[in-house]
Q: 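Here you go, one structure.
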Amino acid sequence: MNKYYSLLPIFLIMVLSGCSSKTSMEYFTKNPESALSVQYTKKRDILHNNEVKAMIFATYLNKISTKYENEKLNSFIVGIHYANVDNNDLIENRFLLTLNEEAPLSLVKLKEDSDFLKNISLKNKWASYYLVHFKNIDDQVKNLNLKLTHPVWGQTIIKFLK
């Protein structure tokens, strides 16, 4: 009889969870770009001596909105947060950013209240964010390798499908 009582809570949880009518995508109905930003945002860490030195967040904008579906540019929002460093500036901290070994065409630091950041749902409030444009990569190349390199700490690669 005791084993039947122990199965009762499991049975009730299964029955009650099946009654839910909402799906996860219903929470994004007001802003579908926010839902896509979750799908096309990736995070990597730069480790040096088994210690996290920097956290990098990258969102591939071409897949999120039709306004970024540009044949001439690949656009990203890149965020960076340094561990135990007050200044999160990408350039001042000697980081080199490339896409498939090509330097960016433009790199603009975004303000905290920027419209670009409103649709990005995975953010670190301590990070500095940049809007970065690269020239378009040949259509036959399907992998985009966003690489951040630091002269002392090393590098990390964030891979996206074009």
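Residues take their numbers from the sequence shown, with the count starting at 1.
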Q: For His81 and Ser128, what are the C-alpha separation, side-chain angles and deciding distance, and is it a side-chain contact (heavy atoms from CB on, under 4.5 Å)?
A: CA-CA 7 Å; His81 173 69; Ser128 295; over 6 Å; no

Q: Can you find a heavy atom in the side chain of His150 that is under 4.5 Å from one in the side chain of Gln155?
A: no

Q: Do the numbers put Lys42 on top of the ring of Phe160, so that NZ or CZ is under 6.0 Å from the six-membered ring centre and no more than 45° off the axis?
A: yes

Q: Check whether any side-chain heavy atom of Glu112 sits under 4.5 Å from a side-chain heavy atom of Lys125, and report yes or no.
A: no

Q: Tell me, yes or no, whether the heavy-atom count around Lys135 atom NZ, taken from other residues, nucleotides or ligands under 6.0 Å, exceeds 12.
A: no

Q: Count I, L, V, M, F, W, Y as connected when their side-chain heavy atoms are under 4.5 Å apart, and connections chain through other members. Are Ile157 and Ile56 then in the same cluster?
A: no

Q: As an exercise, state the distance from CG of Leu161 to OH of Tyr60, rounded to the nearest 0.5 Å.
A: 9.5 Å

Q: To the nearest 0.5 Å, what is the distance between CG (Leu148) and CD1 (Ile80)?
A: 5.5 Å

Q: Can Ile77 and Val132 be said to form a side-chain contact (heavy atoms from CB on, under 4.5 Å), step by step?
A: CA-CA 6 Å; Ile77 290 183; Val132 186; over 6 Å; no

Q: Is there a chain of hydrophobic side chains (I, L, V, M, F, W, Y, each step under 4.5 Å between heavy atoms) that links Val152 to Leu97?
A: yes

Q: As an exercise, state the distance from CZ of Phe134 to CG of Leu107, rounded to the nearest 0.5 Å.
A: 8.0 Å

Q: So if you build clusters from Ile, Leu, Val, Met, Phe, Trp, Tyr with side-chain heavy-atom gaps below 4.5 Å, do Leu61 and Val108 land together?
A: no

Q: Check Asn62 against Ser75 and note the closest heavy-atom contact, atom names and distance.
A: OD1-N, 2.8 Å

Q: Rounded to the nearest 0.5 Å, how far apart are NZ of Lys147 and CD of Glu102?
A: 11.5 Å

Q: Nearest 0.5 Å, please: how far is CG in Asn145 from CD in Glu101?
A: 8.0 Å

Q: When rounded to the nearest 0.5 angstrom, what distance separates CD1 in Ile158 from CZ in Phe57?
A: 9.5 Å

Q: Apply the test side-chain hydrogen bond (donor to acceptor under 3.5 Å, both in side chains) to residues Asn100 and Lys162: give CA-CA distance (whole Å), side-chain angles for both, the deciding distance (0.1 Å), then the verdict.
A: CA-CA 12 Å; Asn100 290 15; Lys162 190 171 181 185; over 6 Å; no

Q: Please find the pair of heavy atoms, one from Gly154 and one from Ile46, that lie closest to each other, and give the distance.
A: O-CD1, 4.3 Å

Q: Taking the side chain as every heavy atom from C-beta outward, state whether Leu73 and Asn136 have any pair of such atoms under 4.5 Å apart.
A: no

Q: Are the side chains of Leu144 and Asn74 in contact, using a 4.5 Å heavy-atom criterion?
A: yes

Q: Might you work through the side-chain contact (heavy atoms from CB on, under 4.5 Å) test for Thr98 and Thr149, ending with a clear yes or no?
A: CA-CA 8 Å; Thr98 60; Thr149 307; 5.7 Å; no

Q: Are Phe95 and Tyr130 near enough that their ring centres are under 6.0 Å apart?
A: no

Q: Check whether any side-chain heavy atom of Trp126 sits under 4.5 Å from a side-chain heavy atom of Tyr82, and report yes or no.
A: no

